[in-house]
Novice: 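First the structure, which I've put down as structure tokens, then a few questions once you've had a look.
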Number of protein chains: 2
Amino acid sequence: MNFGELVRKSRLKAQSEDRKYSLRKTAVRVGIQPSYLSKIEREELPPPGEEVICKLSEDLGLDTDVMLAMAGKVSTELLEVIRSRPELFAKLLRELKSAPDHAVLKLVREVRDGEW
Amino acid sequence: MNFGELVRKSRLKAQSEDRKYSLRKTAVRVGIQPSYLSKIEREELPPPGEEVICKLSEDLGLDTDVMLAMAGKVSTELLEVIRSRPELFAKLLRELKSAPDHAVLKLVREVRDGEW
DNA sequence: TATAGTGTGTAGTATATACTACACATGAAT
DNA sequence: ATTCATGTGTAGTATATACTACACACTATA
């Protein structure tokens, strides 16, 4: 499943229950031209920029980080986190690159329970 | 200290001990025009692309991740890590955003000692 | 049967990114 | 005194990114 397909699929599903999810109305809410959204959904054009992806995924109730990833991007907010302490986070991410999901999740929980 | 200044400072220091670190020779090794490196060092132009930053930081013995960060970038290798599991790493990074260095380092060590 | 709404086709534009090619002036080396 | 190497100035180019504006044909609605 690519970016455009996922947007179309999600939007059509939403549209089947609420007319406000027509391509045109969705495009207007998101702040882009309908023709542009049309082309995005049919992969005639590459995914849009970060801001549009954010609005779109929020509008359709999709995970923004996942949508950005499907578009080949990473949120500038997360980039900022890395750039603020590049050595530290570069090291961590490289270590975690091949760690299984549950191991990473364990860390997330550990940090959440604030042990410092 | 900005990107250009750091490059110049490091290069001049190296040059004082080895003539091969002249602006021209360094530029040739890195594969760019001397005039371009000159402009980068004097911040007349913004930092170069990732590939040039990598070659440059290796040539000058600087940390690539730090150099990329100073250039407002993050290595595509690390981006790939995040994009491969966006929900997971987004969560982790947001949790760690305001964690102190030693707490993050503790995690790095923990992971390095492979506990999964 | 108007008209309102739907998705799509065509033909662009604006801005940023990442550089190149070559000439020039100054100082160091031979 | 000449050549050689140094850093810099000028004037561009190529490519990618992120869209807009408007017209068209078809479908559903009133």
Side-chain angles (χ1 to χ4, degrees), chain A residues 2-5 7-57 59-60 64 67-76 79 83, chain B residues 2-57 59-60 67-76 79 83:
Chain A
N2 58 34
F3 184 88
E5 283 177 40
V7 169
R8 170 143 295 187
K9 207 198 72 184
S10 309
R11 189 181 58 74
L12 288 180
K13 188 176 169 188
Q15 191 182 18
S16 74
E17 280 161 21
D18 190 337
R19 275 175 209 81
K20 84 174 193 178
Y21 288 102
S22 78
L23 187 150
R24 288 181 102 97
K25 289 180 180 166
T26 303
V28 168
R29 277 195 307 280
V30 167
I32 57 174
Q33 293 287 326
S35 58
Y36 187 37
L37 180 53
S38 171
K39 279 169 273 196
I40 288 168
E41 289 191 352
R42 288 171 298 123
E43 300 264 316
E44 198 190 298
L45 284 183
E50 181 171 354
E51 206 184 315
V52 170
I53 291 177
C54 288
K55 287 183 186 167
L56 199 50
S57 55
D59 196 86
L60 297 174
T64 299
M67 288 290 103
L68 285 169
M70 293 186 80
K73 300 179 200 293
V74 171
S75 100
T76 57
L79 293 185
R83 276 186 306 207
Chain B
N2 58 34
F3 184 88
E5 284 177 41
L6 179 53
V7 169
R8 169 142 297 186
K9 206 197 72 184
S10 309
R11 189 182 56 75
L12 288 180
K13 189 177 170 188
Q15 190 182 20
S16 75
E17 280 159 21
D18 189 337
R19 275 174 209 79
K20 85 172 193 179
Y21 288 102
S22 78
L23 187 149
R24 287 182 101 97
K25 289 181 179 166
T26 303
V28 167
R29 277 196 307 280
V30 167
I32 58 175
Q33 293 288 326
S35 58
Y36 187 37
L37 180 54
S38 171
K39 279 169 271 195
I40 288 168
E41 290 191 350
R42 288 171 298 122
E43 300 264 315
E44 198 191 299
L45 284 182
E50 180 173 354
E51 206 184 315
V52 171
I53 291 177
C54 289
K55 287 183 187 168
L56 199 49
S57 57
D59 196 86
L60 298 174
M67 287 290 103
L68 285 169
M70 293 186 81
K73 299 178 201 294
V74 171
S75 101
T76 57
L79 293 185
R83 275 185 307 206

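Every chain is numbered from 1 and lettered A, B, ... according to where its sequence line falls, protein lines coming before strand lines.
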Novice: Does atom CD (Glu5(B)) have a neighbourhood of more than 12 heavy atoms from anything else shown, all under 6.0 Å?
Specialist: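 Buried by this count: over 12 neighbours within 6.0 Å.
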Novice: Within a radius of less than 6.0 Å around CD of Glu51(B), do more than 12 heavy atoms belonging to other residues, nucleotides or ligands occur?
Specialist: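 Incorrect, the count does not exceed 12.
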Novice: Pick the nucleotide of DNA chain D nearest each of Glu44(B) and Ser22(B); which residue has the one closer to the 5' end?
Specialist: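 Of the two residues, Ser22(B) wins.
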Novice: For a quick check of understanding: with a heavy-atom distance under 4.0 Å over all strands, which category does Pro34(B) fall into, base, sugar-phosphate or nothing?
Specialist: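 Touches a base.
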Novice: How long is the line joining CG of Leu23(A) and C1' of dG5(C), in whole Å?
Specialist: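 Roughly 12 Å, once rounded to whole Å.
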Novice: Over all strands shown, is Leu45(B) touching base, sugar-phosphate only, or nothing at heavy-atom distances under 4.0 angstrom?
Specialist: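 It contacts base atoms.
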Novice: For the pair Glu50(A) and Lys73(A), find out whether any cationic side-chain nitrogen is under 4.0 Å from an anionic carboxylate oxygen.
Specialist: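 A salt bridge is absent here (no side-chain N lies under 4.0 Å from a carboxylate O).
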Novice: Tell me: NZ of Lys20(A) to P of dT6(C), nearest whole Å?
Specialist: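 Atom NZ in Lys20(A) sits about 14 Å away from atom P in dT6(C).
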Novice: How would you give the extent of chain A contacts on DNA chain D, as first and last nucleotide 5' to 3' within a 4.0 Å heavy-atom cut-off?
Specialist: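 Counting from the 5' end, contacts occupy dA18(D) to dC22(D).
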Novice: Under 3.5 Å, side chain of Arg42(B) to main-chain N/O of Ser38(B), donor-acceptor pair present?
Specialist: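 Side chain of Arg42(B) to backbone of Ser38(B), a donor-acceptor pair under 3.5 Å: yes, one is there.
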Novice: How is Gly72(B) classified with respect to the nucleic acid when contacts are heavy atoms under 4.0 Å: base, sugar-phosphate, or nothing?
Specialist: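 Nothing, no heavy atom under 4.0 Å.
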Novice: Determine the contact category for Glu51(B): base if any of its heavy atoms lies under 4.0 Å from a base atom, sugar-phosphate if only primed atoms, P, OP1 or OP2 are that close, otherwise nothing.
Specialist: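 The residue Glu51(B) makes no contact with any strand.
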Novice: Taking for each residue the nucleotide of DNA chain C with the nearest heavy atom, is it Val52(B) or Lys25(A) whose nucleotide lies nearer the 5' end?
Specialist: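 The residue mapped nearer the 5' terminus is Lys25(A).
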Novice: Going by number, which of residues 3-12 of chain B have a non-hydrogen atom under 4.0 Å from DNA chain D?
Specialist: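 Within residues 3-12 of chain B, the residues near DNA chain D are Arg8(B), Arg11(B).
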Novice: Show the nearest heavy-atom pair for residues Ile53(B) and Ala71(B), with the distance to one decimal.
Specialist: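 Heavy atoms of Ile53(B) and Ala71(B) come nearest at CD1-CB, 3.5 Å.
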Novice: May I have the distance from Arg24(B) (atom CZ) to dA25(C) (atom C1'), rounded to whole angstrom?
Specialist: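 Interatomic distance, CZ of Arg24(B) to C1' of dA25(C): 12 Å.
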Novice: Going by heavy atoms in the side chains, are Val52(A) and Lys55(A) under 4.5 Å from each other?
Specialist: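 Sidechains of Lys55(A) and Val52(A): no contact.
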Novice: Under 4.0 Å between any heavy atoms, over every strand shown, what does Glu41(A) touch: base, sugar-phosphate, or nothing? Just pick one.
Specialist: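 No contact at all - Glu41(A) keeps every heavy atom at 4.0 Å or more from the nucleic acid.
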Novice: Any donor and acceptor pair, going by atom type alone, linking the side chain of Arg11(B) with main-chain N or O of Leu60(B) inside 3.5 Å?
Specialist: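 The answer is no, because no donor-acceptor pair under 3.5 Å joins these two groups.
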Novice: Check the pair Glu43(A) / Phe3(A) against side-chain contact (heavy atoms from CB on, under 4.5 Å), numbers first and verdict last.
Specialist: CA-CA 8 Å; Glu43(A) 300 264 316; Phe3(A) 184 88; 4.1 Å; yes
Novice: Can I get a per-line list of side-chain donor-acceptor pairs under 3.5 Å for residues 22-30 of chain A, giving both atom names and the distance, sequence neighbours left out?
Specialist:
{"residue": "Ser22(A)", "atom": "OG", "partner": "Lys25(A)", "partner atom": "N", "Å": "3.1"}
{"residue": "Thr26(A)", "atom": "OG1", "partner": "Ser22(A)", "partner atom": "O", "Å": "2.8"}
{"residue": "Thr26(A)", "atom": "OG1", "partner": "Arg29(A)", "partner atom": "NH2", "Å": "3.3"}
{"residue": "Arg29(A)", "atom": "NE", "partner": "Asp59(A)", "partner atom": "OD1", "Å": "2.7"}
{"residue": "Arg29(A)", "atom": "NE", "partner": "Asp59(A)", "partner atom": "OD2", "Å": "3.4"}
{"residue": "Arg29(A)", "atom": "NH1", "partner": "Lys20(A)", "partner atom": "O", "Å": "2.8"}
{"residue": "Arg29(A)", "atom": "NH2", "partner": "Lys20(A)", "partner atom": "O", "Å": "3.2"}
{"residue": "Arg29(A)", "atom": "NH2", "partner": "Asp59(A)", "partner atom": "OD2", "Å": "2.9"}

